[in-house]
Amino acid sequence: MKKFLDDPKQFVPQMLEGLALANPDTLVYVPEYNLIQRADSPSVDRVSIVQGSGSGHEPAHVMNVGKGMLSAACPGDVFAAPPVDYVYETVKRLASPRGVLLLVNNYTGDRMAFEMAEELSVADGINVRTLFVDDDVSVQDSLYTVGRRGVAGNFFVMKAVGAAAEAGADLEELVRIGEKVNAVTRSMGVALTACTPPSKGSPLFDLAGDEIELGVGIHGEPGRERAKIAPASELVDTLLDALVTDLPFSSGDRVALMVNGLGGTPISELYLLYGIAHKRLAAQGITVGRNYIGEYCTSLDMAGASLTLVRLDEEIEDLLAAPAEVPIRVF
Amino acid sequence: MKKFLDDPKQFVPQMLEGLALANPDTLVYVPEYNLIQRADSPSVDRVSIVQGSGSGHEPAHVMNVGKGMLSAACPGDVFAAPPVDYVYETVKRLASPRGVLLLVNNYTGDRMAFEMAEELSVADGINVRTLFVDDDVSVQDSLYTVGRRGVAGNFFVMKAVGAAAEAGADLEELVRIGEKVNAVTRSMGVALTACTPPSKGSPLFDLAGDEIELGVGIHGEPGRERAKIAPASELVDTLLDALVTDLPFSSGDRVALMVNGLGGTPISELYLLYGIAHKRLAAQGITVGRNYIGEYCTSLDMAGASLTLVRLDEEIEDLLAAPAEVPIRVF
Amino acid sequence: MTAVAAQSVRFIVESIARTAVDNEQEFGDLDAVVGDGDFGFSLARGFEKVLEDIDAYPTDDPGSFLQGVAMTISSRIGGTSGPIWGTAFLRAAMVAKGRDALTAQDAVEMLRASVAGIQARGKAELGDKTLLDALVPAIDELERAAADGGRSSEIIDRIAVATRSAAEATSSLQAMRGRASYSGARSIGSPDAGAIALAVIAERLALEWPKSPAVSE
Amino acid sequence: MTAVAAQSVRFIVESIARTAVDNEQEFGDLDAVVGDGDFGFSLARGFEKVLEDIDAYPTDDPGSFLQGVAMTISSRIGGTSGPIWGTAFLRAAMVAKGRDALTAQDAVEMLRASVAGIQARGKAELGDKTLLDALVPAIDELERAAADGGRSSEIIDRIAVATRSAAEATSSLQAMRGRASYSGARSIGSPDAGAIALAVIAERLALEWPKSPAVSE
Ligand SMILES: Nc1ncnc2c1ncn2[C@@H]1O[C@H](COP(=O)(O)OP(=O)(O)O)[C@@H](O)[C@H]1O
Ligand SMILES: Nc1ncnc2c1ncn2[C@@H]1O[C@H](COP(=O)(O)OP(=O)(O)O)[C@@H](O)[C@H]1O
Ligand SMILES: [Mg+2]
Ligand SMILES: [Mg+2]
Ligand SMILES: [Mg+2]
Ligand SMILES: [Mg+2]
């Protein structure tokens with residue numbers, strides 16, 4: 001394994017410390033709970049929005065903490081949901097009279113930690129609601145009993161509820177908006193290489209030189225099938241077919257299209273995929289109203305990409321277009 | 001080789017097409033010359049700023065075209081300076097009565113193409129000036145006759161002259177600013193893995209499982225030495241020592257610190273490096289006034305990172321802080 | 001009596017904890033086969049803390065002691081394992097609370113409570129390819145061995161054998177819970193990481209048992 | 001006479017162009033050893049276009065024909081090779097312009113002009129480990145062979161041998177120009193990509209020469 005690393009156990013803490021040092025005016029870091037929070041949260045005027053999830057998906061979610069998005073994130077270690085205590089402590093610290101919204105990607109460990117924390121917080125009299133994101137079409141709900149996974153599409157849920165919270169929406173309204181966005185969001189990814197967790201020190205799975213994993217999860221979990229590498233145009237067709245037929249999206253729809261890099265794929269390739277996908281959708285009468293090209297939810301250093309489609313309406317589009325200020329930026 | 005690719009020959013055109021489709025209102029794409037230009041350029045009120053360079057360094061430079069940065073970029077193929085004609089044609093199209101500033105990273109091919117294009121354009125009566133960027137301390141000016149290379153630090157030159165041009169500065173003033181920023185900018189990188197050019201189909205060089213290349217160039221050229229992988233803290237020390245002693249930077253300096261990913265390294269590791277570097281500099285009395293963490297100038301899918309330091313003064317800091325609107329964004 | 005019971009419980013917890021710490025890499029690799037590879041790391045970080053805090057847990061009563069362990073686990077272990085193992089220790093603690101001595105029957109009762117807690121939390125059924133598929137057969141064997149009579153070291157040896165064979169048998173199951181479930185049919189052919197961890201724990205415990213206070217007593 | 005000269009020049013250019021296209025991978029790999037690997041791709045894209053446009057270049061005069069080639073190269077080849085090869089063809093074209101027939105002495109004059117152009121552009125000296133270290137010995141041999149008298153096919157065979165040995169000899173040099181120069185002492189031990197390309201070009205030309213219009217004439 002070759003990584004910028006001192007000690008696998010310090011990987012997450014050192015990364016979070018770097019994040020905090022880079023944003024001294026806007027973020028506060030509480031090492032005991034891997035907690036990164038907005039310096040101006042909780043606010044009596046604003047519902048607090050909290051994400052947990054495992055680490056290894058950066059910029060998700062710690063680098064999405066800021067005005068117009070998350071109030072706080074308390075990630076677990078790499079690919080591990082945070083311990084219950086991290087979440088509970090975070091909720092207590094972020095408790096606003098307007099309430100706390102928990103955003104959870106739909107995985108067993110995350111569900112359990114957040115549900116336990118919610119129970120404990122409610123018992124403390126805190127007004128908490130939990131919202132599950134499950135945008136990944138790779139996993140068929142009917143076949144597997146844990147349900148769909150939450151992947152890169154969670155960005156749109158975060159962005160929409162974040163914008164609404166910033167504008168003063170109440171907790172019920174945020175739940176409505178989040179559920180609505182999640183319901184029209186579909187994602188699917190493909191891995192070209194495996195990722196290497198720092199503590200494991202070797203690739204999480206084996207992919208031969210000409211193999212890809214279609215429908216890979218953001219923790220390197222397997223997806224729909226192991227396939228042979230194909231031209232980019234064919235891969236885009238495969239992913240888009242799965243997304244479009246799932247919701248389904250149809251001619252006349254206006255969508256947001258995200259081409260998300262999984263960590264090891266350069267942005268040049270993501271733009272190449274975008275061009276192909278944009279034209280394929282146009283050919284089906286689907287208009288890309290907003291585009292998102294870059295890394296939003298990664299799987300450490302995995303080479304690969306995911307596509308996400310969101311069906312837009314005026315409300316969603318306005319929320320996505322609202323300004324936000326998070327650590328990820330060019331300037 | 002596993003990449004998102006249809007055909008190596010179409011790699012750059014397809015990427016540029018994607019970029020253009022993603023920014024239909026702000027960018028214009030001229031396929032014959034790999035030209036990406038601001039839709040509102042040339043402007044009679046503003047000096048045009050043009051970058052060339054090879055492809056494979058994205059987001060540099062095509063994704064830095066926009067308000068407050070570049071007026072246009074006309075990249076060559078992967079790691080190849082653009083043909084003279086691309087540059088000449090671009091200058092003609094971008095010719096503004098206020099003049100055209102050419103930004104060139106200091107490499108033989110780039111120098112020649114831009115110098116020839118400048119000669120041709122001047123003969124046409126266009127007011128052109130050329131500015132060379134050479135921030136890479138890995139290459140000793142005295143030892144090698146082609147001089148230092150231009151690497152990730154070119155971002156700061158682009159950003160500063162872009163902001164000044166937007167504010168109406170004239171060509172002479174931009175040359176002054178650009179030279180000034182270049183003179184206080186120092187970079188050095190380290191590769192953990194080699195990159196794979198699409199047309200080559202295999203890694204550009206061999207690095208053993210425990211080897212790194214210190215001072216690597218952004219085209220995979222070798223650097224100062226082949227070394228063994230070391231803890232992140234040690235690598236940061238090595239890079240910072242080279243930068244700090246070169247200018248030199250000294251106690252009391254206020255700097256911009258960039259941690260630039262070379263393409264295959266996840267942002268989590270870049271933040272880890274940032275935290276270490278920030279603290280090391282602080283211990284030397286050097287204050288990080290602005291930070292830049294992410295991918296700015298890559299080498300395809302190479303895992304690795306570079307550090308850049310810029311000594312700030314009020315003028316430079318104001319120019320860096322000025323707003324800009326380029327394709328690279330989260331929203 | 002109580003102090004000795006607490007001492008035995010402490011002995012068992014220390015053995016489990018050292019097993020988790022020593023097998024970090026192995027357990028992680030097992031989870032990597034069809035899961036996400038974090039199981040070893042998660043367990044090791046939690047039980048490392050248990051070993052660190054162990055002198056601070058109350059020893060006057062095995063229940064209080066186990067509750068301390070459960071708290072450390074909940075605060076330190078992430079992923080699915082945190083809630084699962086935390087709940088398991090907490091439920092066992094609740095049963096043990098206030099009991100003077102702990103017999104094999106008490107152990108059965110405690111572990112059955114753990115199973116119920118794990119199922120309430122994680123909604124897994126037997127056969128879903130989780131650690132339950134090793135834990136339940138282990139408890140069954142404990143119950144049988146205790147009924148058969150015999151020394152504690154014989155009982156624990158039988159448990160180790162039963163846990164190992166049940167854990168290995170998970171290979172033929174398809175994962176229906178946890179990250180491994182996304183592999184679908186591909187999860188067949190390799191054993192469940194959590195189940196194997198229990199087998200390794202039981203085997204190490206059997207090996208160390210002669211040194212336990214319960215035996216020397 | 002002029003038409004035949006232009007035909008010969010076209011024959012040579014086509015041979016060079018096919019060599020560049022056919023050896024894209026090899027030339028790229030050579031450049032990858034200590035450079036950035038784009039040399040083969042750059043050359044192939046440019047000469048592919050030369051082959052495509054070749055019927056459109058004026059054939060009434062070898063100079064105009066070569067100027068057409070130079071223009072295509074400048075418009076298509078990027079990297080260092082575009083300006084270097086474009087300048088080389090352009091300078092040769094300038095010398096050839098208006099000449100009725102092209103003798104071996106004309107060829108020497110044209111190629112010396114190319115060398116001067118390349119040096120004006122790229123500022124490389126002999127020994128800097130560039131294609132000049134193969135090109136200049138090749139011209140020297142051409143001049144000697146022409147002075148010795150003999151058939152054109154003998155001359156070109158001697159050039160091929162001289163170019164190859166000069167190209168191989170660049171292995172012992174340290175690169176002082178182009179991307180390879182950043183390797184410093186590490187560039188010693190492998191030959192320069194541009195120099196080897198010239199050797200391959202000369203060898204292929206020697207092989208194909210019997211079919212050239214200059215011979216059948
Ligand atoms: N719903 C569940 N109920 C009980 N045990 C489970 C459940 N899901 C997973 N497990 C157990 O947890 C182990 C994996 O733990 P861990 O790696 O921490 O979880 P994660 O799936 O969140 O990465 C599995 O090997 C299995 O034995
Ligand atoms: N300054 C120079 N003058 C003449 N030839 C040069 C010079 N620099 C490089 N070359 C030749 O160009 C070849 C590399 O070409 P190419 O790969 O296109 O250039 P780049 O270095 O820009 O990638 C080298 O092998 C060498 O023969
Ligand atoms: Mg996990
Ligand atoms: Mg090049
Ligand atoms: Mg796991
Ligand atoms: Mg080259």
Side-chain angles (χ1 to χ4, degrees), chain A residues 2-7 11 14-22 55-56 58-59 63 159 192-193 209-210 212 229 231-233 235 263-276 278-279 288 291-296 298 300-301 303 305 320-321 323-324 326-331, chain B residues 2-7 11 14-22 55-56 58-59 63 159 192-193 209-210 212 229 231-233 235 263-276 278-279 288 291-296 298 300-301 303 305 320-321 323-324 326-331:
Chain A
K2 284 193 286 188
K3 285 186 184 296
F4 294 115
L5 195 66
D6 277 333
D7 167 6
F11 177 65
Q14 282 188 299
M15 184 240 317
L16 296 179
E17 184 181 28
L19 178 60
L21 286 170
S55 291
E58 293 70 25
M63 294 156 200
K159 179 67 185 71
L192 305 188
T193 67
D210 62 346
I212 59 174
I229 178 83
S233 296
L235 293 178
T265 287
I267 197 162
S268 46
E269 294 177 41
L270 302 182
Y271 271 91
L272 180 148
L273 292 175
Y274 177 78
I276 298 169
H278 179 112
K279 291 193 289 180
V288 179
N291 60 71
Y292 299 78
I293 307 158
E295 292 180 350
Y296 293 85
T298 61
L300 293 168
D301 54 354
L320 295 183
V326 296
I328 293 302
R329 65 198 184 284
V330 173
F331 309 105
Chain B
K2 285 193 284 187
K3 284 185 183 297
F4 293 115
L5 195 67
D6 277 333
D7 166 7
F11 176 65
Q14 283 188 299
M15 183 239 318
L16 297 179
E17 185 182 26
L19 178 59
L21 286 170
S55 292
E58 293 71 26
M63 293 156 200
K159 180 67 186 70
L192 304 188
T193 67
D210 61 346
I212 59 174
I229 178 83
S233 296
L235 293 177
T265 287
I267 196 162
S268 45
E269 294 177 42
L270 302 181
Y271 271 90
L272 180 148
L273 293 175
Y274 177 78
I276 297 168
H278 179 111
K279 291 193 289 182
V288 180
N291 60 71
Y292 298 78
I293 307 156
E295 292 180 351
Y296 293 85
T298 61
L300 294 168
D301 53 353
L320 294 183
V326 297
I328 294 301
R329 66 198 184 285
V330 173
F331 309 105

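Hydrogens, waters and symmetry mates are skipped; everything else that's a heavy atom, side chains included, is used. Order of the sequence lines sets the chain letters (A, B, ...), proteins ahead of strands, with each chain counted from 1.
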Visitor: Please state whether the side chain, the backbone, both or neither of A/L19 comes within less than 4.5 Å of a heavy atom of chain B.
Guide: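 It is both, since atoms from each part get that close.
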Visitor: Do side-chain atoms of A/D301 reach the backbone of B/P266 as a donor and acceptor pair under 3.5 angstrom?
Guide: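 Side chain of A/D301 to backbone of B/P266, a donor-acceptor pair under 3.5 Å: no, none is there.
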Visitor: Can you give me the closest heavy-atom contact between B/N291 and A/A22, atom names plus distance?
Guide: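 Result for this residue pair: ND2-O, 2.8 Å.
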Visitor: May I ask you to name which of B/G294, B/G209, B/A303 has the most heavy-atom pairs under 4.5 Å with chain A?
Guide: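 Most pairs with chain A among the choices: B/G209.
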Visitor: I need the A/Y274 OH to B/E17 CD distance, nearest 0.5 Å.
Guide: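 Output value for this atom pair is 11.0 Å.
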Visitor: Counting heavy-atom pairs closer than 4.5 Å to chain B, which one of A/A232, A/G18, A/P59 comes out on top?
Guide: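 Winner by heavy-atom pair count: A/A232.
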Visitor: Check each atom of A/A305 against the heavy atoms of chain B and say whether the ones under 4.5 Å are side chain, backbone, both or neither.
Guide: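 For A/A305, heavy atoms of backbone and side chain both lie under 4.5 Å from chain B.
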Visitor: CE/A/M63 to CD1/B/I293 distance, rounded to the nearest 0.5 angstrom?
Guide: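 Result: 8.0 Å between the selected atoms.
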Visitor: Which heavy atom in B/I328 sits nearest to a heavy atom in A/I267, and how many Å separate them?
Guide: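 Shortest heavy-atom separation between B/I328 and A/I267 comes out as CD1-CD1, 3.5 Å.
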Visitor: For chain A, which candidate among B/T298, B/T265, B/L270, B/L16 shows the most heavy-atom pairs at distances under 4.5 Å?
Guide: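 Answer, by heavy-atom pair count under 4.5 Å with chain A: B/T265.
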Visitor: Counting only non-hydrogen atoms closer than 4.5 Å, does B/L192 touch chain A with its backbone (N, CA, C, O), its side chain (CB onward), both, or neither?
Guide: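 For B/L192, the contact with chain A is made by backbone and side chain together.
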Visitor: Between chain B and each of A/A321, A/S233, A/S268, A/P231, count heavy-atom pairs under 4.5 Å; write down the option with the most.
Guide: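 Among A/A321, A/S233, A/S268, A/P231, the one with the most close pairs to chain B is A/S268.
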Visitor: Between A/I276, A/V288, A/L273, A/I229, which shows the greatest number of heavy-atom pairs under 4.5 Å with chain B?
Guide: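 So the answer, after comparing A/I276, A/V288, A/L273, A/I229, is A/L273.
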Visitor: Would B/E269 and A/F11 satisfy side chain to side chain contact (heavy atoms under 4.5 Å, CB included), going step by step from the backbone distance to the final call?
Guide: CA-CA 8 Å; B/E269 294 177 42; A/F11 177 65; 4.0 Å; yes
